[in-house]
Amino acid sequence: MVGLNHTVPTVASIVAMVEPVTASLFGIAFLNESLEGIQLVGMGLILITVTALSVYSNLVPRPTDQTPLR
């Protein structure tokens, strides 16, 4: 929670989107669970979306204190 005070909201939301994927991988690795094909496709879509959002957020200029907001 302390890190959220120093994190941009877009980054925090992108990281939050990865939580279901890491929970699923934890279940596979340590709890001997299995996933069906559609679940693996969903995990892949989440990872692709998070990667695209991360790249996009780095390309868009962020407003600074000198830039007036509209």
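Start at 1 with the first residue, then count along the sequence. In what follows, every heavy atom counts, from backbone to side chain, and hydrogens, waters and symmetry copies are set aside.
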Check whether [X] and [Y] end up in the same hydrophobic cluster, where Ile, Leu, Val, Met, Phe, Trp and Tyr are linked by side-chain heavy atoms less than 4.5 Å apart.
X   : Y   : value
V50 : L25 : yes
M17 : L40 : yes
V41 : L47 : no

Connected-component partners of I38 among ILVMFWY, side-chain separation under 4.5 Å: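 Joined to I38, directly or through intermediates: none.
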What pairs of donor and acceptor atoms, side-chain ones from residues 28-36 against any protein atom, are under 3.5 angstrom apart with sequence neighbours left out?
none

Please examine the side chains of M43 and S24, heavy atoms only from C-beta on, and report whether any two atoms are closer than 4.5 Å.
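Of all side-chain heavy-atom pairs linking M43 with S24, at least one is under 4.5 Å.
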